[in-house]
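Following: one structure in structure tokens, then a few remarks.
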Amino acid sequence: MGLANKTIIFVAGLGCIGKDTCKALLKRNVKNLIILDRLDKPEIIDEIKKVNPKSNVTYQSYDVMAPVSESCKQLAKIFAKYKKVDVLVNGAGILDDHQIEKTIAINFTGLVNTTTAIMPFWDIRNGGPGGTVCNIGSVTGFNAIYQVPVYSASKAAVVSFTQSIAKLSKITGVKAYTVNPGITATSLVQSFNSWLDVEPCVAQKLLEHPTQTTEQCAESFAKAIERDENGALWKMDLGTLEPIKWTIHWDSHI
Ligand code: NAE
């Protein structure tokens, strides 16, 4: 889809990958960019806005750990104001295998809850117009960084959940796909805990591998959003955007 005149909600739009992806979207003349993040960083919002003063950029405080009912209320206000939202990007994530519940709550449950909360506004069974969910997974969802099994499994869960939502699009009218970054130079990977401290130097070891910049990741990310391909599994690594052929596709019997 061409992004000019589109309205996009970006959960975690103020993080390292999020910020540069917001800028890449504005360069493509997105009409409305609604950033939801638990971070309150007016200086980052100003930096993003400067990229394209013609686009409308707004921010609302949002915690993906809030219950679905709370998310629904917040989304209702957004839909009342903008009438039509085209894309929801779910990008919140933490990397800390000492925090098991929080990792699952933010990386997986939070993404499921926000997706669930937007469905009533989009579901064609309610007379809605449909829409697209773009979920940030990770290459660790396919090839675990085994020293962080909790983080890796949370991302595998994101990939699995999203594949089901994509298959349900025949019923709901809502498309879904994942964008899966390889190691990207952000604060997330600078220092983090391995599970049970199995590898105290995990961050240093990870960063011995080639990484991509957030700008490179953001370009691929914006291209994937333009492609709007239901069920796609995009790998965004070392400045490239590649489709992953991971599972055999079969039609479910529903
Ligand atoms: P970051 O720490 O800058 O961004 C994390 C974002 O999540 C921030 O905007 C933060 O406010 C938001 N967030 C955290 N908890 C939240 C909550 N409760 N409610 C709302 N927002 C919340 O790190 P980043 O590297 O930019 O990560 C962005 C996303 O990309 C994450 O989902 C991360 O898992 C994913 N990702 C990053 C990398 C990487 O190398 N940086 C990779 C894949 C996926 C490769 C690996 O998996 C190692």
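Start at 1 and go down the list; that is how both ligands and their atoms are numbered.
Within the 4.0 Å heavy-atom criterion, the part of Tyr62 lying near ligand 1 is the backbone and not the side chain. With a 4.0 Å cut-off on non-hydrogen atoms, Thr186 touches ligand 1 through its side chain and not its backbone. At a heavy-atom cutoff of 4.0 Å, ligand 1 is contacted by both the backbone and the side chain of Thr184.
Residues Thr132 and Asp228 bring a donor and an acceptor atom of their side chains to less than 3.5 Å of each other. With 3.5 Å as the limit, one finds a donor-acceptor pair spanning the side chains of Asn56 and Asn32.
Of the options Asn143, Leu95, Val139, Thr140, a side-chain contact (heavy atoms from CB on, under 4.5 Å) to Ser152 is made by Thr140 and by none of the others.
Summarising the contacts of atom 42 (C) of ligand 1 with Ala203, Ser187, Pro181, the nearest heavy atom is found in Pro181. When the heavy atoms of Arg38, Gln212, His209 are ranked by distance to atom 15 (N) of ligand 1, first place goes to Arg38.
Close contacts of ligand 1 with Gly182, meaning ligand atoms under 4.0 Å from a residue heavy atom, involve 40 (O), 42 (C), 45 (C). Of all atoms in ligand 1, listed by their number and element, those nearer than 4.0 Å to a heavy atom of Gly93 are 5 (C), 7 (O), 14 (C), 31 (C), 32 (O). Heavy-atom proximity to Leu39, at under 4.0 Å, picks out these atoms of ligand 1: 11 (O). Close contacts of ligand 1 with Asp63, meaning ligand atoms under 4.0 Å from a residue heavy atom, involve 17 (C), 18 (N), 19 (N). Short contacts between ligand 1 and Ile136, defined as distances under 4.0 Å to a heavy atom of the residue, involve ligand atoms 30 (O), 35 (C). Residue-ligand proximity, Ile106 to ligand 1, at heavy-atom distances under 4.0 Å covers atoms 15 (N), 18 (N). Residue-ligand proximity, Ala12 to ligand 1, at heavy-atom distances under 4.0 Å covers atoms 6 (C), 7 (O), 9 (O), 12 (C). Residue Gly91 has at least one heavy-atom neighbour below 4.0 Å for each of these atoms of ligand 1: 28 (C), 29 (C), 31 (C), 32 (O).
In terms of protein heavy-atom proximity, atom 2 (O) of ligand 1 is closest to Leu188 CD1, 4.0 Å. Regarding atom 1 (P) of ligand 1, its nearest protein heavy-atom neighbour is Cys16 N, 4.0 Å. When only non-hydrogen protein atoms are considered, atom 44 (C) of ligand 1 lies nearest to Gly137 O, 3.3 Å. In terms of protein heavy-atom proximity, atom 22 (C) of ligand 1 is closest to Ala92 CB, 3.5 Å. In this structure, the protein non-hydrogen atom closest to atom 36 (N) of ligand 1 is Tyr151 OH, 3.7 Å. Closest protein heavy atom to atom 48 (C) of ligand 1: Val189 CG1, 3.7 Å. Nearest non-hydrogen protein atom to atom 10 (C) of ligand 1 is Asp37 OD1, 3.6 Å.
Contact analysis puts Lys155 in contact with ligand 1, with a non-hydrogen atom separation below 4.0 angstrom. Residue Ala185 places no heavy atom under 4.0 Å from ligand 1.
Scanning for side-chain hydrogen bond (donor to acceptor under 3.5 Å, both in side chains) contacts around Asn90 gives Thr115, Asn135, with sequence neighbours left out.
By the 3.5 Å distance cut-off applied to N or O atoms, Val64 is counted among the residues near ligand 1. At a 3.5 angstrom cut-off on N or O pairs, Ile17 counts as close to ligand 1. Note: an N/O pair closer than 3.5 Å links Gly15 and ligand 1 by distance alone.
Ring geometry for Phe79 against Phe121 counts as parallel: the plane angle stays under 30°, on a 0 to 90° scale with 60° as the upper cut.
In this structure, the side chain of Asp123 engages the main chain of Arg125 through a donor-acceptor pair within 3.5 Å. At least one donor-acceptor pair under 3.5 Å links the side chain of Thr184 to the backbone N or O of Gly182. Listed for the Asn180 side chain is a donor-acceptor partner under 3.5 Å among the backbone atoms of Ser138.
Under the 4.5 Å side-chain heavy-atom criterion for ILVMFWY residues, a single connected hydrophobic cluster contains both Ile35 and Ile136. Note on Leu25: it clusters hydrophobically with Val179, by side-chain heavy-atom contacts below 4.5 Å among ILVMFWY residues.
In Lys6, the NZ atom is crowded: over 12 heavy atoms of neighbouring residues, nucleotides or ligands sit closer than 6.0 Å. Counting non-hydrogen atoms of other residues, nucleotides and ligands closer than 6.0 Å to CD of Glu101 gives a total of 12 or fewer.
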Does the side chain to side chain contact (heavy atoms under 4.5 Å, CB included) test come out yes or no for Lys49 and Val57, once each step is laid out? CA-CA 6 Å; Lys49 280 182 178 172; Val57 181; 3.7 Å; yes

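Ionic pairing of Glu215 and Lys23 is not present here: no N-O contact between side-chain nitrogen and carboxylate oxygen is shorter than 4.0 angstrom. A salt bridge does not link Lys205 to Glu208: none of the charged nitrogens lies less than 4.0 Å from a carboxylate oxygen.
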